[in-house]
Amino acid sequence: MEGFNHSRVSEFVLLGLTDSPELQIFFNVVFSIFYLMTMFGNCLILFTILSTPHLHSPMYFLLSNLSLIDMCLSSFATPKMIMDFFAQRKTISFEGCISQIFLLHLFTGTEIVLLISMSFDRYIAICKPLHYSTIISQRVCVGLVVTSWMVGFLHTMSQLAFILYLPFCGPNVIDSFFCDLPLVIQLACIDIYVLGVFMISTSGVIALISFLLLLTSYIIVLVTIKDHSSIGSSKALSTCTAHFIVVFMFFGPCIFIYVWPFTNFLVDKVLSVFYTIFTPFLNPLIYTLRNQEVKTAVMKKLSSQYLYLGKTTPRYPVQ
């Protein structure tokens with residue numbers, strides 16, 4: 001990174017979520033629990049889908065990739081934030097800060113495209129069930145996943161290409177618990193307000209358009225099943241409502257933060273928690289564990305593991 005940026009700033013200071021010692025202890029416990037449960041839940045889903053032959057279908061392939069991205073998204077900044085709660089001075093190197101920006105936009109960009117791919121999969125399954133097997137093949141799903149990662153990579157590279165050549169000579173204080181483009185770009189020593197607003201707002205517009213596409217797909221699905229049985233309609237409405245809540249929690253903060261950059265709203269830090277911590281935690285609960293097939297497979301895996309441990313536990317003879 002040093003070859004790209006001729007700056008005098010070698011590190012940035014993160015102010016974190018709060019400077020209250022009591023709240024820092026509380027947040028440390030809460031976010032540690034959320035992070036561990038997120039990693040455990042997504043790992044369990046990945047293991048279950050990969051090790052269960054009848055779950056090797058396009059839909060579950062997409063769900064397993066969602067779990068993988070959620071693990072990555074929850075890990076790029078959360079572990080450091082948890083450790084920083086006990087640090088007197090919260091700092092991050094220039095290279096570490098750029099890496100966080102790279103990973104954040106890579107994983108969020110990838111997840112946006114993957115969520116759109118999953119909505120397309122649900123649309124074909126409900127609206128064109130007779131053509132599902134021919135339209136959504138394994139090859140198509142692999143293509144969708146590869147495309148999502150490529151789009152995420154191209155998006156994050158476009159953001160880094162803009163920031164790497166900016167001079168940073170102070171100040172170096174970031175009012176958040178991780179590095180993000182709207183926060184770091186304000187610390188540049190040159191006035192790039194107009195260009196910065198354009199670059200950052202592009203991410204917000206992409207998130208807004210993607211959100212509207214997902215909303216449209218949910219509406220089409222609900223309209224398609226409205227003539228079906230009331231039980232089916234009720235179940236679909238419940239599923240779509242749960243999905244929409246999680247989608248809104250992911251896209252809402254992204255749209256708010258990136259469509260109106262450089263506003264320095266205090267709520268920006270709170271909103272960042274939603275798409276970096278809460279959404280990766282809720283996705284496996286809403287998208288995957290509500291599915292009866294996955295739920296049954298998970299219970300079988302857990303029960304078989306419990307029985308295996310019971311059999312391998314040494315038993316001592318009664319004297």
Side-chain angles (χ1 to χ4, degrees), residues 14 16-18 24 26-50 62-87 90 92 96-115 117-118 145 148-149 152-153 155-156 159 174 176-181 183 203 207 210 242-243 245-258 268-290 294 298:
L14 302 173
L17 288 176
T18 179
Q24 288 191 38
F26 172 75
F27 286 146
N28 177 273
V29 174
V30 171
F31 292 145
S32 295
I33 293 173
F34 268 95
Y35 179 69
L36 291 174
M37 292 181 68
T38 298
M39 298 302 290
F40 173 76
N42 284 292
C43 282
L44 181 61
I45 289 170
L46 269 174
F47 172 74
T48 301
I49 292 177
L50 292 175
L62 295 175
L63 288 173
S64 63
N65 278 274
L66 179 64
S67 291
L68 176 63
I69 296 175
D70 282 334
M71 292 170 63
C72 297
L73 184 58
S74 64
S75 299
F76 89 96
T78 305
K80 176 171 174 53
M81 177 191 66
I82 293 172
M83 291 187 294
D84 280 348
F85 281 128
F86 295 112
K90 306 171 179 62
I92 185 171
C97 186
I98 296 299
S99 298
Q100 283 194 340
I101 296 174
F102 173 83
L103 294 174
L104 170 65
H105 287 271
L106 171 65
F107 299 142
T108 53
T110 302
E111 180 153 335
I112 284 174
V113 180
L114 186 63
L115 288 173
S117 302
M118 291 171 61
V145 171
S148 66
W149 282 100
F153 179 77
H155 168 69
T156 194
Q159 304 296 304
I174 298 175
S176 184
F177 60 93
F178 67 92
C179 292
D180 198 3
L181 196 61
L183 301 171
S203 298
S210 302
H243 288 188
I245 290 173
V246 177
V247 166
F248 182 78
M249 288 179 62
F250 178 77
F251 282 93
C254 293
I255 294 171
F256 185 88
I257 292 172
Y258 292 104
D268 283 5
K269 288 196 290 186
V270 180
L271 292 176
S272 299
V273 173
F274 280 91
Y275 67 87
T276 58
I277 297 176
F278 291 151
T279 301
F281 169 76
L282 290 174
N283 273 346
L285 299 176
I286 300 299
Y287 277 98
T288 310
L289 293 179
R290 283 167 59 94
V294 177
V298 167

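For the numbers below, each heavy atom of this structure counts, side chains included, while hydrogens, waters and symmetry mates do not.
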With sequence neighbours left out, the residues meeting ring pair (Phe, Tyr, Trp, His ring centres under 6.0 Å) with F102 are none
Contact between S203 and L181 at the side-chain level, heavy atoms closer than 4.5 Å - yes or no?
no
For H155, ring pair (Phe, Tyr, Trp, His ring centres under 6.0 Å) partners two or more places apart:
H105
Qualifying residues under ring pair (Phe, Tyr, Trp, His ring centres under 6.0 Å), relative to F76, sequence neighbours excluded:
F178
Just grab all the side chain to side chain donor-acceptor pair (under 3.5 Å) pairs involving residues 27-39, residues at least two apart or on different chains.
Y35-S75
Contacts of S210 meeting side-chain contact (heavy atoms from CB on, under 4.5 Å) (sequence neighbours excluded), chain-then-number -> I112, I116, I206, F251
Qualifying residues under disulfide bond (SG atoms under 2.5 Å apart), relative to C254, sequence neighbours excluded
none
Pairing residues for D70 by the side chain to side chain donor-acceptor pair (under 3.5 Å) criterion, not counting sequence neighbours
N283
Other residues, nucleotides, ligands: >12 heavy atoms within 6.0 Å of F153 CZ:
no
Could you pull out all residues at least two apart from L285 that satisfy side-chain contact (heavy atoms from CB on, under 4.5 Å)?
F281, L282, L289
Residue set satisfying side-chain contact (heavy atoms from CB on, under 4.5 Å) with V30, at least two apart, ordered chain then number -> F26, F34
Go through the structure and list residues passing ring pair (Phe, Tyr, Trp, His ring centres under 6.0 Å) with F85, not counting sequence neighbours.
none
Mind checking side-chain contact (heavy atoms from CB on, under 4.5 Å) for V113 and listing every partner two or more places apart, or none if nothing turns up?
S117, S148, V151
Taking every non-hydrogen atom, the tightest pair across S74 and P280:
CB-CB, 3.9 Å
List in chain and number order the residues that pass side chain to side chain donor-acceptor pair (under 3.5 Å) with K90, two or more places apart in sequence or in another chain; answer none if no residue qualifies.
none
Rounded to the nearest 0.5 Å, how far apart are CZ of F27 and CG of L17?
6.0 Å
